[in-house]
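Only one structure is covered here, and it is reproduced in the block below.
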Protein chains: 2
Amino acid sequence: MAKHDPALSLLFHALADPTRRSILTRLAETPARVTDLAGPTGLRLPTVMRHLSVLEEAGLITTSKDGRIRTCAIVPEALDPVRTWLDEQRAIWEARLDRLDAFVMNVMKESEE
Amino acid sequence: MAKHDPALSLLFHALADPTRRSILTRLAETPARVTDLAGPTGLRLPTVMRHLSVLEEAGLITTSKDGRIRTCAIVPEALDPVRTWLDEQRAIWEARLDRLDAFVMNVMKESEE
DNA sequence: ATCATGCTTAGCCATGTCGCTAACTATCGC
DNA sequence: GCGATAGTTAGCGACATGGCTAAGCATGAT
C-alpha cells in the first residue's frame, strides 16, 4: 500500500510552498514561459527556476525548450497520487471514528490549555 | 479562493514527511501515547515530539495530557482544506485541458532529454 | 521518601530551503 | 557580427528541518 512513498513526499513538499502553488494555478490557465512566471511573483529568474525544478521533479509540470524559450505546462494527472492517498486516509479515519468517541469526550474534559 | 493560504502550506508541509505520514496512519487505527508512537518509528522521544508539534500546528492531530501521559489522536476533518484545494485545482486543470493540446503535441515532438 | 516512567526542554550538528547577485551561454533580430 | 533577450549556472547568506544527547520535571507505584 506504499506506506513511505517518496513520490508522495515530493508532491506534498512541492505543494507546501505558496509561490509554487500560485505558479501552478497560473499554469492552469495556460502554459507560460519562465519570464512570464517570474513577473507576477516578483521573484528573480533563478529563484523561479528553482521552484520550477521542484515542480518538475515532483512531476507536476513539464517543460520544453523551443529556441531560447522554455515553456512550462501543468501535468493534470500528477495530482492523482495525492488524491488517492487522501481517499485512503479518509476511508480509514472515518472507519475509526467510533474508536475516537471516548477519546474526544476525554479531550473536551481535559484540554484547557 | 484563498490563493496563498498559510494553513494549506502548514498542512502540505506536515504531510510531506514520511515519518509524519506513518504517525498519522498509526493514529488512524487508534489514539496513542507519545512512547507508543516512538517505538515503531525507531526514533527518539524528542524527535517524535517535534513531529507531533508539526502535526498539531497543522491541525492534523489533537493531544491531551492525563497525568504524565500525553495521548494523541487524529482530527479527521483536518484534511478537508487539502481536499477542497485539490478539487478546485482539478476542476481548473481539467477545464483547461483543451488549451493544452497544442502544447502537449509540441512536447511530444520536442522533449527527448 | 524513593525510584522508575513518561514526557519535556535545551542545545548541538548536518543538511536542506529559499531568496539573492554575478557571470555565463544561447538564441533572435538586425 | 552586435546587441538585446531568455535562460542557466555558481555561489552566497539566513534560516528551517530532522536527527541526536543530556539533563530536567512531573507523576505513579512501592
Side-chain angles (χ1 to χ4, degrees), chain A residues 4 6 8-24 26-27 31-58 60-73 103 106-107 110-113, chain B residues 4 6 8-24 26-27 31-58 60-73 103 106-107 110-113:
Chain A
H4 307 297
L8 218 43
S9 298
L10 283 178
L11 281 168
F12 279 128
H13 172 248
L15 295 174
D17 188 288
T19 301
R20 286 195 288 267
R21 287 201 303 279
S22 72
I23 287 178
L24 282 180
R26 164 64 187 81
L27 286 180
R33 301 176 307 159
V34 178
T35 309
D36 294 335
L37 297 172
T41 60
L43 297 175
R44 302 295 180 183
L45 270 184
T47 307
V48 174
M49 285 288 296
R50 269 166 160 266
H51 284 303
L52 292 177
S53 316
V54 173
L55 289 170
E56 193 168 16
E57 279 176 28
L60 285 162
I61 67 171
T62 339
T63 75
S64 77
K65 202 167 176 182
D66 182 23
R68 60 182 163 171
I69 293 179
R70 174 170 301 272
T71 310
C72 312
F103 177 77
N106 187 16
V107 166
E110 214 78 44
S111 76
E112 301 298 328
E113 188 180 356
Chain B
H4 306 296
L8 218 43
S9 298
L10 283 178
L11 281 169
F12 279 128
H13 173 248
L15 295 174
D17 187 288
T19 300
R20 285 195 289 267
R21 286 200 305 277
S22 73
I23 288 179
L24 282 180
R26 164 64 188 80
L27 286 179
R33 301 177 306 160
V34 178
T35 309
D36 295 334
L37 296 172
T41 60
L43 297 176
R44 302 295 179 182
L45 270 184
T47 307
V48 174
M49 284 289 296
R50 271 164 156 264
H51 284 302
L52 291 178
S53 315
V54 173
L55 288 171
E56 193 168 16
E57 278 176 29
L60 285 162
I61 67 172
T62 338
T63 75
S64 77
K65 202 166 177 182
D66 182 23
R68 59 183 163 170
I69 294 180
R70 176 171 299 276
T71 310
C72 313
F103 177 76
N106 187 15
V107 167
E110 215 78 43
S111 77
E112 299 298 328
E113 187 180 357

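Hydrogens, waters and symmetry mates are skipped; everything else that's a heavy atom, side chains included, is used. These figures come from a predicted structure and were not determined experimentally. A note on names: the letters A, B, ... follow the listed sequences, proteins ahead of strands, and every chain is numbered from 1.
A:Arg50 comes within contact range of at least one nucleobase, with a heavy-atom separation under 4.0 Å.
One finds no side-chain N or O of B:Arg44 lying less than 4.0 angstrom from the OP1 or OP2 phosphate oxygen of D:dG19. Between A:His51 and C:dG19, a side-chain N or O to OP1/OP2 separation shorter than 4.0 Å is present. The side chain of B:Arg20 contributes an N or O atom lying less than 4.0 Å from OP1 or OP2 of D:dG18.
If you take CG of B:Asp36 and P of C:dG6, they are 9 Å apart, rounded to a whole angstrom. Regarding A:Leu43, its CG atom lies at a distance of 11 Å from the P atom of C:dT21, rounded to whole Å. For the pair A:Phe12 CZ and C:dG16 C1', the interatomic distance rounds to 20 Å; values are reported in whole Å. Between B:Glu57 atom CD and D:dA16 atom P there is a gap of 13 Å when expressed in whole angstrom units. At whole-Å resolution of the value, NZ in B:Lys65 and C1' in D:dG28 are 13 Å apart. One can place CG of A:Leu10 at 13 Å from P of C:dG16, the figure rounded to the nearest angstrom. Put simply, CD1 on B:Ile69 is 13 Å from C1' on D:dA29, counting in whole angstrom units. The distance between atom CE of B:Met49 and atom C1' of C:dT9, rounded to the nearest whole Å, is 9 Å.
Counting only heavy atoms from C-beta on, A:Asp17 has its side chain closest to C:dC18 among C:dC18, C:dT27, C:dT8. Of the candidate nucleotides D:dT8, C:dC18, C:dT8, D:dT8 has the atom nearest to the side chain of A:Pro46. The listed nucleotides are C:dA4, C:dT17, C:dA22; the one nearest the side chain of B:Arg68 is C:dA4.
The base of D:dG7 has none of its N or O atoms less than 3.5 Å from a complementary donor or acceptor on the side chain of A:Arg70.
At a cut-off of 3.5 Å, with distance as the only test, a side-chain donor of A:Thr63 or A:Glu56 sits close to an acceptor on the other residue.
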Residues 42-53 of chain A, side-chain donor-acceptor partners within the protein, below 3.5 Å, at least two apart:
from    : atom 1 : to      : atom 2 : distance (Å)
A:His51 : ND1    : A:Arg20 : NH1    : 3.2
A:Ser53 : OG     : A:Met49 : O      : 2.8

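The 5' end of DNA chain D is approached more closely, in terms of each residue's nearest nucleotide, by A:Leu45 than by the other of A:Leu45 and B:Thr47. Along DNA chain C, the nucleotide closest to B:Arg33 and the one closest to A:His13 are compared, and the more 5′ of them pairs with B:Arg33.
Shortest non-hydrogen contact noted between A:Pro31 and A:Arg26 is O-NH2, 4.5 Å. Residue B:Pro40 comes nearest to B:Asp36 through the heavy atom pair CD-O, 2.9 Å, listed as atom of the first residue, atom of the second, then distance. Taking both residues in full, the closest heavy atoms of B:Leu27 and B:Cys72 are given as CD2-O, 3.4 Å, listed atom of the first, atom of the second, then distance.
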